[in-house]
Amino acid sequence: SQPSDVPSAIPSPVPSSMPSSFPSPAPSFEKCGISAEDRRNNFTISLQSVSDPIELVTPGTPQNQALEWLIEDDKLCVCPDEFLTCQLNVTVPRFVQRYVMA
């Protein structure tokens, strides 16, 4: 059967077998409400105060591996604007803690 030209009033119980012919121009990182590229840039810029900026972006370095894990593989998927209050009432971005522990 062919797709209809008009959307249905009731959603179907299963996804369609045909992908969209018009994908979004910039996918967003839904949990954070920003694009995946902006999330990556926010992490990379912020972590330059924690690690050497060159080491951070050099493939294969421990710093870059930790950054890539944080961005691509961390199951918690923290957002750049999530903060933790640590001992001595110091507030730090949550992703910094996860990066340091990676």
Could you go through Q48 and E55, starting from their C-alpha distance and side-chain angles, then the distance that decides it, and tell me whether this counts as side-chain contact (heavy atoms from CB on, under 4.5 Å)?
CA-CA 9 Å; Q48 290 178 2; E55 296 292 318; over 6 Å; no

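Taking NZ from K75 and CG from D73, the interatomic distance works out to 6.0 Å, rounded to the nearest 0.5 Å. In this structure, CD1 in I45 is found 10.5 Å from CG in L56, a value given to the nearest 0.5 Å. Interatomic distance, CD of E37 versus CG of N42, reported as 10.5 Å (0.5 Å rounding). To the nearest 0.5 Å, atom OG1 of residue T61 and atom CG of residue L67 are 9.0 Å apart. Here the CD-CZ distance, from E68 to F43, works out to 11.5 Å after rounding to the nearest 0.5 Å. In this structure, OG on S46 lies 10.5 Å from CG on N41, to the nearest 0.5 angstrom.
Heavy-atom minimum distance, V78 versus R39: O-NH2, 2.9 Å. For V57 against T44, the heavy-atom pair with the smallest separation is CG1-CG2, 4.0 Å.
Each side chain to side chain donor-acceptor pair (under 3.5 Å) pair with one or both residues in residues 92-102, not counting sequence neighbours, appears once here: S51-Y99, D74-R98, E82-R94.
Linking ILVMFWY side-chain heavy atoms closer than 4.5 Å, directly or via other members, places I71 and V50 in a single hydrophobic cluster. Cluster membership for F95 and L76, using ILVMFWY side-chain heavy atoms within less than 4.5 angstrom, is shared. V100 and L47 fall within a single hydrophobic cluster, where Ile, Leu, Val, Met, Phe, Trp and Tyr are joined by side-chain heavy atoms under 4.5 Å apart, directly or via other members.
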